Undergrad: 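Following this message is one structure expressed as structure tokens.
The model shown is predicted, which means the values in this text are computed figures rather than measured ones. In listed order, ligands and their atoms are each counted from 1.
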Amino acid sequence: MDIVLTGKKAMVGGSTRGLGKAVAMQLAECGAEVTLLARNEEKLKAAVADLPVPAGQKHGFLAADFSDFDSFQRVVSGYFANRGTDILVNNTHGPAAGGVTEKSIADYQAAFDTLFKTVVFLTSAALPSMQKNGFGRIINISSLSIRQPIPHLALSNIIRPAVSAWAKSLSSEVARYGITVNNILTGYFDTERINEIYSGQALKLGITLEEHKARMARDVPARRFGKPEEYGYLAAFLASEQAAYITGANIPIDGGLTKGNL
Ligand SMILES: NC(=O)c1ccc[n+]([C@@H]2O[C@H](COP(=O)([O-])OP(=O)(O)OC[C@H]3O[C@@H](n4cnc5c(N)ncnc54)[C@H](OP(=O)(O)O)[C@@H]3O)[C@@H](O)[C@H]2O)c1
């Protein structure tokens, strides 16, 4: 089976590095014309230059800040006023770590604005062209925290399930237009952010980053972290014509880390 996305337009959030960039690379590799979305113009330009062009596509970028909802709305509305997209990958930076009792109402509001409001707004801006074209793929980068709360990540545990619930309701409303909406439940992936977070933890534990990651990997049945390119393969499949009958789903990619049968 070949995944061919030639002629499709894709927008990928949080895509100058990490999982978002890996997804963008794979969509581009399959022929899609990709628009990267993140806040730093210099990093965006550099990331666009890295994207493959097997079909001679012209990739681009949109600079917007997920942490400033008012300006985010303005930038996104301006972009979609005269353009559409076929594939939308909703991905933002993760919320700050910490337990429930450490978080203030302002922290919950900020996490809701970043993780939920930007995703709902961006999707509503992208839907009209998908409905018109009778094709759309909305892929939300989420976490296994929606099924299994992760210690010390209260904001992810609490806000991400709202995105899944929203996606489920949306999927049933737009399926008739050939639009699918799915959530990817992310396990441990070897990204720059994870290395930054784990370096701090390793320092506190008095061990090296590599030792810390090796200990974490022992909890994963596959005994390793995921590779960002493996993430890209799943996203490219969900974006394809072949995945037309998969919608409203929470799909884990975690080497078996999530416990439980459902
Ligand atoms: N990696 C994992 O193992 C893992 C596990 C579970 C869940 N996740 C979730 O998956 C998502 C991606 O993770 P990752 O490890 O790839 O993250 P990452 O390496 O930190 O990448 C985040 C991306 O978002 C952009 N970004 C950061 N702040 C932004 C802002 N205010 N406005 C616009 N763009 C912003 C960054 O680019 P600029 O700085 O250039 O703007 C970057 O491209 C996160 O939500 C994370 O919580 C990851």
Undergrad: Any heavy-atom pair between the side chains of Phe69 and Thr118 that's under 4.5 Å?
TA: yes
Undergrad: Identify whether the distance between the nearest side-chain nitrogen and carboxylate oxygen of Arg17 and Glu196 falls below 4.0 Å.
TA: yes
Undergrad: Determine the interplanar angle of the Tyr188 and Phe225 rings, folded into 0 to 90°, and report it as parallel if under 30°, tilted if 30 to 60°, perpendicular if over 60°.
TA: tilted
Undergrad: Hey, mind stepping through Lys21 and Asp50 against salt bridge (charged side-chain N to carboxylate O under 4.0 Å, His left out) and telling me if it holds?
TA: CA-CA 10 Å; Lys21 178 149 183 214; Asp50 288 343; 2.6 Å; yes
Undergrad: Does some side-chain heavy atom of Asn140 sit less than 4.5 Å from a side-chain heavy atom of Arg160?
TA: no
Undergrad: Might you list the protein residues in contact with ligand 1, defined as having a heavy atom under 4.0 Å from one of its atoms, sorted by chain and number?
TA: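 Lining ligand 1: Gly14, Ser15, Thr16, Arg17, Gly18, Leu19, Ala38, Arg39, Asn40, Lys43, Ala64, Asp65, Phe66, Ser67, Asn91, Thr92, His93, Gly94, Ile141, Ser142, Ser143, Arg160, Thr186, Gly187, Tyr188, Phe189, Thr191, Arg193, Ile194.
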Undergrad: Look at Arg224 together with Asp190 and state whether they make a salt bridge at an N to O cut-off of under 4.0 Å.
TA: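 Result for this pair is no, no salt bridge flagged.
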